[in-house]
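One structure is given below, encoded as structure tokens.
The sequence lines fix the lettering, A, B, ..., with proteins before strands; numbering per chain opens at 1.
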Amino acid sequence: MKELDKTYDPKQVEDKIYQMWEKSGYFNPDNLPPRHKKPFTIIMPPPNANGSLHIGHALFVTLEDIMIRYQRMQGRKSLWLPGADHAGFETQVVYTKKLEKEGRSFWEMPREQLYEEIKKFTLDNKKYMEGQLRKLGASCDWSREKFTLDEDIKKVVYETFKKLHDDNLVYRAERPVNWCIKHQTTLSDLEIKHEERRGKLYYIKYLIEAPTQGWSDSEYVVVATTRPETIPADIALAVHPKSKWAKYVGKNVLNPLNSKLMPVVADAKVDPEFGTGALKITPFHDPLDFEIFNAHKNEISGEPISVINQYGKLTENAGKDLAGLKVKEAREKSAELLQEKFSKEPGDYKHQVAVCYKCSTTIEPRVMMQWFVKMTEKPRTGKKSLRDLAVEAAKSKKIKFIPARQKKIFMHWMKNLRDWNISRQIVWGIQIPAWYHEPKCIPRAGHEGDIIKCKEIIISVTEPKCEFCDAKFVQETDVFDTWFSSGQWPFATLMTTKKGDFKKYYPTDVMETGWDILFFWVTRMMMLGIYRTSKIPFKNVYLHGLVRDKDRQKMSKSKGNVINPLEVADVYGTDAVRMALVIGTTAGNDPIISEDKIRGYRNFATKIWNASRFVLMNYRDTKAKPEFTASDRKNLKDLATAKKKITAYMDKSDFNHAAETAYHYFWHTIADKVIEQSKPRLKSENLTDAATAQIVLLKILLESLKLLHPFMPFITEEVYQMLPNKKQKVLMIEEW
RNA sequence: GGGCGCUUAGUUCAGUGGUAGAACGCUCGAUUCACAUUCGAGAGCUCACAGGUUCGAUCCCUGUAGCGCCCACCA
């Protein structure tokens with residue numbers, strides 16, 4: 001037996017071991033020995049391919065790898081399917097910044113060139129990330145790796161879109177949407193956040209039309225608004241039916257900026273407690289106004305107009321005084337113009353304003369032609385809305401949330417769902433497969449009557465042709481919200497890997513991801529997954545927290561408290577990093593990690609190394625028949641107890657305690673007691689007793705390596721390879 | 001405005017209806033014998049506060065306080 005170093009050097013071991021695993025082929029469940037029968041599947045949440053992996057990724061890799069390695073040892077046909085996400089909007093934002101740094105402008109580049117450049121950027125990152133995943137020990141099946149822009153994945157996404165469209169669950173319409181004037185795209189309700197902003201609340205008189213004596217200064221409705229600049233787009237006033245203004249319902253008021261006549265309508269949606277209890281209706285610049293307008297269309301004669309353009313500037317519709325100004329400037333200017341009509345001085349006002357979650361630019365609510373998915377309506381051919389499919393699934397016992405409280409949060413969010421805006425005006429993504437008949441159909445001679453059959457929108461990947469005229473179809477340039485495609489990930493991946501995979505591995509066993517994307521991702525996977533496959537895509541949802549530093553701070557580059565998992569793994573070894581991430585980490589809570597903690601587990605790796613070294617140095621293959629003493633029997637019983645405990649924790653997904661128990665057992669039972677007690681016996685003249693001690697030690701070592709393997713795969717595998725009593729080529733597939 | 005959590009040793013966190021645990025830190029001691037990235041011993045928590053249920057509560061219930069997070073079209 002060769003002399004081992006006194007300390008364990010992960011650098012010399014990890015790459016070599018990983019290569020050995022990959023070469024063994026056992027990452028691919030198809031290659032596992034026949035004892036592996038029942039499938040166990042985890043689809044990896046595909047990391048965004050727009051940067052390198054951070055400590056949060058290391059956490060998910062650790063947790064999922066623990067689950068997969070454990071189940072693999074338990075004899076499950078374990079598939080961990082890796083992937084990468086093109087992450088449309090996120091990546092485009094990152095790339096835009098990169099261009100800025102290089103002195104180039106995103107907005108001045110042709111779409112095709114941008115797409116190609118971002119593609120290269122993404123694929124480079126993807127490749128780099130794959131290396132990082134290997135470094136972290138991820139035992140995933142690389143032969144089944146998928147990317148969200150793979151042609152076959154796109155095909156599945158197109159099919160889903162078509163099915164939703166045929167089912168009347170997808171529609172294109174002019175609806176209020178969240179518009180980011182910086183990024184020049186719409187965002188879903190989840191992609192905006194609210195920030196407190198200081199502003200002013202203006203109290204403005206809208207004079208009542210008094211036909212007999214002209215306009216009276218004594219009769220008016222006072223409206224409180226924070227956005228006087230949108231007054232030119234006002235089309236009505238709404239008052240609460242029980243407010244003091246109710247007597248004016250049915251009368252007209254004068255628009256204080258452009259003198260147009262507008263009706264006063266009654267609507268209970270107006271909060272009588274807020275402001276003055278009267279609301280100006282500006283349908284194209286406020287979602288509530290849009291709703292009230294639609295409810296009162298027959299009472300309102302004017303057509304809604306837009307006075308703010310896509311760049312956040314006032315249009316000519318706003319009148320010559322405001323046209324061309326930015327919203328903020330226009331607000332001041334309009335306030336100035338309206339001064340005479342103030343019923344009292346504007347008050348300082350703090351309120352929550354919707355802003356872009358990426359750049360914190362104020363979101364401009366606009367009414368735009370967009371694609372939406374209906375959340376709460378029944379499909380044409382089915383009984384349940386997308387929401388109901390997911391809610392009923394969550395209520396059933398077929399899916400378990402870990403921690404359980406996340407289910408409450410899930411349900412609560414599901415309660416108030418509005419239709420999902422899935423179209424984005426960005427370059428990087430999957431283009432929506434819709435074609436528009438432009439110009440409109442002018443049927444050829446003899447087909448005049450067929451115009452009613454002509455479709456103005458056709459859902460198709462390839463260019464359609466009109467049966468009745470020679471006009472061309474123009475393709476939609478908008479792309480899907482990334483979550484629309486990644487929401488299909490569990491089935492889209494398994495439908496497009498090897499033949500039979502979907503049948504064998506779907507539904508999957510665990511969806512392990514961060515709680516921060518519960519709404520973005522898990523809810524969408526539930527809705528779309530059940531909709532397409534009639535099955536809940538996963539049996540367990542395990543949600544981990546956000547990794548924080550030792551002062552409980554979020555890690556961010558700007559704070560300079562980022563721990564790069566690969567850098568610390570380089571210093572202390574991947575096994576130590578994995579242990580630091582899993583011990584003390586309970587599902588759903590934010591784990592705290594510091595270099596001290598990692599160092600502690602590096603010491604543990606050294607402990608494992610030296611204890612193993614001791615056992616191996618003292619082992620001779622004597623072929624003696626063991627005669628177990630009482631203490632041997634006790635030690636073997638302790639081993640069985642530890643194993644039982646760890647197994648129970650693993651089966652409860654309590655990896656924190658499983659790891660801690662294994663740690664404790666190895667250090668304080670095996671190293672401190674079993675080995676210490678064996679020392680005199682190993683030197684004993686009684687050869688049978690010495691041999692028995694050796695055999696017991698070796699047996700306990702082997703079993704403990706198994707117990708530690710899911711957590712610390714590298715060092716345990718390295719030691720295993722030196723054991724004289726190993727039964728398999730690799731520890732990875734040993735029986736638990 | 002709605003919802004979800006948290007409050008346990010110096011620190012970070014586990015945990016249980018029956019007179020409190022781990023890691024790190026700290027104190028004292030040991031060490032040619034697998035490991036100083038070590039070993040042994042030890043100090044340290046009235047489990048936020050106030051009520052209630054109970055034979056018994058840190059754990060269950062109610063309330064209070066502080067902290068955190070998520071959701072939200074009060075213009």
Side-chain angles (χ1 to χ4, degrees), chain A residues 3-8 176 178 189-190 192-194 199 201-202 223-228 230 237-238 269-282 285-292 349 351-354 363 365 403 405-418 515-516 518-519 545-546 548-552 554 572-573 576 579-580 583-586 588-594 596-618 654 656-657 659-661 663-664 667-668 671-672 675-676 678-680 682-683 697:
Chain A
E3 188 64 19
L4 296 175
D5 288 340
K6 277 189 167 190
T7 52
Y8 167 68
N178 309 303
D189 293 341
L190 276 175
I192 58 172
K193 52 181 185 176
H194 291 86
L201 193 57
Y202 300 90
V223 169
T225 181
T226 54
R227 302 203 64 182
T230 63
L237 289 192
K269 286 197 189 74
V270 180
D271 179 357
E273 304 298 318
F274 184 85
T276 62
L279 180 63
K280 68 191 202 63
I281 299 303
T282 320
H285 298 294
D286 186 282
L288 176 63
D289 293 7
F290 186 80
E291 202 180 308
I292 294 177
Y349 186 60
H351 58 153
Q352 300 286 320
V353 173
I363 288 294
R405 77 180 121 88
Q406 293 290 345
K407 187 151 142 182
K408 285 190 220 167
I409 299 173
F410 175 97
M411 289 297 195
H412 188 253
W413 188 76
M414 282 291 189
K415 255 183 204 161
N416 332 290
L417 271 188
R418 292 196 288 167
W515 56 250
D516 52 325
L518 175 66
F519 304 145
L546 245 65
R548 314 244 174 193
D549 74 2
K550 61 178 188 299
D551 301 318
R552 284 194 131 261
K554 271 187 198 175
Y572 302 107
M579 281 298 264
I583 290 191
T585 300
T586 46
N589 292 331
D590 294 346
I592 287 173
I593 192 162
S594 63
D596 282 348
K597 192 172 176 187
I598 299 169
R599 199 177 294 125
Y601 294 108
R602 187 271 317 267
N603 296 355
F604 179 52
T606 309
K607 192 61 163 178
I608 296 174
W609 185 252
N610 278 293
S612 305
R613 199 160 71 99
F614 177 83
V615 172
L616 289 171
M617 282 189 320
N618 283 289
D654 186 348
N656 165 28
H657 284 106
E660 199 177 282
T661 307
Y663 168 91
H664 225 257
W667 199 317
H668 300 299
D672 291 351
I675 286 182
E676 288 306 321
S678 75
K679 282 179 180 172
L682 291 169
K683 289 185 198 137
L697 281 176

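- Within the 4.0 angstrom heavy-atom criterion, no nucleotide atom of any strand lies near Gln406(A).
- Annotation: cation-pi pair Lys607(A)/Tyr663(A) absent, no NZ/CZ under 6.0 Å from the ring centroid and within 45° of its normal.
- Asn589(A) comes within 4.0 angstrom of sugar-phosphate atoms only, judged by non-hydrogen atoms across all strands, and of no base.
- Protein atom CD1 of Ile593(A) is 21 Å distant from nucleotide atom P of U11(B), rounded to whole Å.
- Separating the NE2 atom of His657(A) from the P atom of G21(B) is a distance of 14 Å, rounded to the nearest angstrom.
- Residue Ile675(A) is classed as a base contact, given a heavy-atom separation below 4.0 Å to a base.
- Using bins of under 30°, 30° to 60° and over 60° for the plane-to-plane angle, the ring pair Phe519(A)/Trp413(A) lands in the parallel bin.
- Between Asn610(A) and Arg405(A), the residue whose closest nucleotide on RNA chain B is further toward the 5' end is Arg405(A).
- Thr585(A) comes within 4.0 angstrom of nothing in the nucleic acid, heavy atoms only.
- Judged by distance alone, with hydrogens and angles left aside, the side-chain atoms of Asn610(A) form no donor-acceptor pair with the main-chain N or O of Thr7(A) at under 3.5 Å.
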I'd like to compare against my own output: the B/S/- annotation of nucleotides 69-75 of chain B with a strict under-4.0 Å heavy-atom distance to protein. -SSBBBB

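- Per the geometry, OH belonging to Tyr663(A) stands 15 Å off C1' belonging to A14(B), to the nearest Å.
- Of all heavy-atom pairs between Ile281(A) and Ala238(A), the closest is CD1-CB, 3.7 Å.
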What nitrogen or oxygen pairs link the protein and nucleotides 37-44 of chain B at under 3.5 Å?
{"residue": "U37(B)", "atom": "O4'", "partner": "Asn603(A)", "partner atom": "OD1", "Å": "3.2"}
{"residue": "U37(B)", "atom": "O2", "partner": "Arg602(A)", "partner atom": "NE", "Å": "3.0"}
{"residue": "U37(B)", "atom": "O2", "partner": "Asn603(A)", "partner atom": "OD1", "Å": "3.4"}
{"residue": "U37(B)", "atom": "O2", "partner": "Thr606(A)", "partner atom": "OG1", "Å": "2.4"}
{"residue": "U38(B)", "atom": "OP1", "partner": "Asn603(A)", "partner atom": "ND2", "Å": "3.4"}
{"residue": "U38(B)", "atom": "O3'", "partner": "Lys607(A)", "partner atom": "NZ", "Å": "3.1"}
{"residue": "C39(B)", "atom": "OP1", "partner": "Lys607(A)", "partner atom": "NZ", "Å": "3.1"}
{"residue": "C39(B)", "atom": "OP1", "partner": "Trp667(A)", "partner atom": "NE1", "Å": "2.3"}
{"residue": "G40(B)", "atom": "OP1", "partner": "Asp672(A)", "partner atom": "OD2", "Å": "3.4"}

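- Between the side chain of Asp590(A) and the backbone N or O of Leu546(A) there is at least one donor-acceptor pair closer than 3.5 Å.
- Pairing of G68(B), defined by two Watson-Crick or G-U wobble distances under 3.5 Å, is identified with C4(B).
- Look at CD on Glu676(A): it is 11 Å from P on C35(B), rounded to the nearest Å.
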